[in-house]
There are 2 protein chains.
Amino acid sequence: MPETITQSIQDYLKHIYELNENGGAASTNDIATRLNIAPASVTGMLQKLASATPPLVVYKKHQGVTLTKSGEKVALEVIRHHRLLESFLVNTLGYAWDEVHNEADKLEHVISEDFEARMAEALGHPTRDPHGELIPSADLVMPADESCPLASLRTDETATIRRVSDDDPALLRHLREIGVVPEVKIIVKNYSEFDGNLTIKVEGQKSNVVLGTAVTSQVFVDK
Amino acid sequence: MPETITQSIQDYLKHIYELNENGGAASTNDIATRLNIAPASVTGMLQKLASATPPLVVYKKHQGVTLTKSGEKVALEVIRHHRLLESFLVNTLGYAWDEVHNEADKLEHVISEDFEARMAEALGHPTRDPHGELIPSADLVMPADESCPLASLRTDETATIRRVSDDDPALLRHLREIGVVPEVKIIVKNYSEFDGNLTIKVEGQKSNVVLGTAVTSQVFVDK
DNA sequence: CAAAAAATTTAGGCTAGGCTAAAATATTTT
DNA sequence: AAAATATTTTAGCCTAGCCTAAATTTTTTG
Ligand SMILES: [Mn+2]
Ligand SMILES: [Mn+2]
Ligand SMILES: [Mn+2]
Ligand SMILES: [Mn+2]
């Protein structure tokens with residue numbers, strides 16, 4: 001490991017993990033965008049992470065990075081903290097689901113393993129956070145995720161909402177408003193070829209809603 | 001203010017506040033000891049804090065520092081966070097009173113004002129933390145503290161324990177063991193001139209205990 | 001497939017907040 | 001009131017993590 005795993009390093013690894021989940025290697029630019037940092041700064045850090053002992057990422061110039069086993073452990077630890085914290089804030093302090101992300105983003109680096117264990121216990125060892133995102137187990141294994149973007153559904157398909165992206169509070173409030181929350185069933189009434197809009201019926205809601213891809217790409221469902 | 005009030009600055013101001021509470025100005029050395037930092041480094045920071053706009057401390061070479069109004073506000077904010085957190089950890093996550101200090105020392109810099117307000121609400125706006133230490137109000141006023149060290153009592157005096165120093169977990173466990181906790185009444189059975197030992201009877205405890213000054217200087221009582 | 005555009009890296013610099021060693025000032029002892 | 005000791009400050013250095021500007025790939029496009 002680098003002598004010490006700083007807060008900054010934890011953030012790099014967490015975001016690299018999430019980028020790796022989508023496409024393959026995480027690009028310098030994508031990391032920079034996520035962290036709100038200049039690309040040149042990212043390059044410097046990637047070189048450092050790659051030459052740490054043990055290395056935390058695998059880095060080849062101009063080809064982005066993937067996490068090593070060591071790097072992944074660190075990332076999963078941070079993600080577990082983050083998601084348990086979000087659950088804890090909602091359950092114990094009455095936060096709304098659109099208010100927890102920023103708070104958890106700061107706390108995730110600071111709580112002890114004892115704090116983590118006590119939260120997990122108090123919450124009954126949950127496997128998903130308030131947004132439906134999977135929580136890595138105490139021994140840092142990420143459960144398999146079968147879900148696909150709502151945007152990939154077509155007319156007449158039915159599905160169950162599993163999780164929603166949690167980094168835009170305004171989107172979260174809107175989704176709550178229209179009943180698009182985890183474990184709710186939906187059916188696609190119409191797909192528009194031109195703009196990708198989906199008209200869907202949400203279980204328990206009176207009227208249909210039309211959602212653009214900006215929304216449907218952030219909602220994940222199981223068919 | 002310095003452009004930003006870093007975690008480091010918060011720690012300096014918090015410890016300067018506590019040192020000011022005892023004697024007058026806080027000395028470079030005392031601050032260095034508390035923060036576990038070289039005295040030379042402290043000098044540098046004091047100069048910075050003194051020349052910030054507005055200044056956070058009043059500093060005269062070789063004479064230590066006191067807080068300005070601005071500096072005190074920052075210190076009280078951090079102390080309020082710390083003490084509310086300690087209470088919250090005990091009440092909500094079942095921490096023992098000797099386990100909360102280190103956790104709170106990290107979290108105090110990271111929680112939002114919203115988090116602070118939610119904790120205060122959930123706890124019923126407490127005025128003392130688990131060690132009996134006073135919690136500054138939401139508008140950052142520190143309640144008056146009348147208590148004096150247990151060490152200052154003499155034979156036949158009675159008193160009520162109000163607070164105990166919280167930075168030594170082993171001492172806290174020992175105090176809990178012998179029933180020396182806030183709001184408990186005691187009576188001094190004997191004072192030894194030579195070593196300063198006090199023999200005291202603790203309300204609700206069968207036998208008397210003899211306490212040295214290492215202990216009695218860390219326990220504060222109201223007569 | 002060459003030229004333009006985009007992405008990435010290098011080079012050089014900056015601030016925060018530490019450190020040690022040596023110099024200066026205060027305080028205590030004799 | 002010196003001398004010795006303790007405290008504090010200065011000077012010079014270092015690392016972590018950022019930055020911008022310029023150089024270098026890599027990718028896209030006409
Ligand atoms: Mn989140
Ligand atoms: Mn989440
Ligand atoms: Mn404490
Ligand atoms: Mn306390």
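Just so it is clear, the structure is predicted and the values come from calculations on it, not from any experiment. Note that these values count all heavy atoms, side chains included, but never hydrogens, waters or copies made by symmetry. Below, read A as the first sequence line, B as the second, and so on, with proteins coming before strands; counting in each chain starts at 1.
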**Prompt:** Can you give the dot-bracket line for DNA chain D, where a pair is Watson-Crick or G-U wobble with both atom distances under 3.5 Å, crossing pairs use [ ], and | marks a partner on another strand?
**Reply:** ||||||||||||||||||||||||||||||
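- Protein chain B touches strand DNA chain C; the 5'-most and 3'-most nucleotides with an atom under 4.0 angstrom of its non-hydrogen atoms are C:dA16 to C:dT25.
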Would you tabulate the nitrogen or oxygen pairs shorter than 3.5 Å linking the protein to nucleotides 10-12 of chain D?
| residue | atom | partner | partner atom | Å |
| --- | --- | --- | --- | --- |
| D:dT10 | OP1 | B:Lys61 | NZ | 2.9 |
| D:dT10 | OP2 | B:Gln47 | NE2 | 2.5 |

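- Looking at A:Arg128 and A:Glu133, no side-chain N of the basic residue comes within less than 4.0 Å of a carboxylate O on the acidic one, giving no salt bridge.
- Considering only residues two or more places apart in sequence or on other chains, A:Ala96 meets the side chain to side chain contact (heavy atoms under 4.5 Å, CB included) condition with A:Asp98, A:Glu99.
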Output side-chain donor-acceptor pairs under 3.5 Å for residues 55-65 of chain B, partner residues at least two apart or in another chain, one line each.
none

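- Of all heavy-atom pairs spanning A:Ala25 and A:Thr66, the tightest one is CA-CG2, 3.9 Å.
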**Item:** A:Tyr17/A:Glu72 under side chain to side chain donor-acceptor pair (under 3.5 Å): CA gap, chis, key distance, verdict
**Value:** CA-CA 7 Å; A:Tyr17 180 93; A:Glu72 186 179 279; 5.6 Å; no
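- Applying the 4.0 Å criterion to OP1 and OP2 of D:dC18, one finds that A:Tyr12 has a side-chain N or O inside that range.
- Look at B:Arg154 and B:Glu157 and you find no salt bridge, because none of the NZ, NE, NH1 or NH2 atoms lies under 4.0 Å from a carboxylate O.
- A donor-acceptor pair under 3.5 Å is absent between the side-chain atoms of A:Ser41 and the main chain of A:Ile37, judged by distance alone.
- Contacts between residues 22-38 of chain A and DNA chain C, defined by a heavy-atom separation below 4.0 Å, involve A:Ser27, A:Thr28, A:Asn29, listed by number.
- You'll find the side chain of A:Leu84 reaches within 4.5 Å of the side chain of A:Leu123, heavy atoms only.
- Within the 4.5 Å cutoff, the side chain of B:Gln218 has no heavy atoms near those of the B:Val215 side chain.
- Counting only heavy atoms from C-beta outward, the side chains of A:Tyr191 and A:Thr199 never approach each other to under 4.5 Å.
- Ring centroids of B:His109 and B:His81 are separated by 6.0 Å or more, keeping the two rings apart.
- For B:Arg162 and B:Asp145, the salt-bridge test fails: no basic side-chain N is under 4.0 Å from an acidic carboxylate O.
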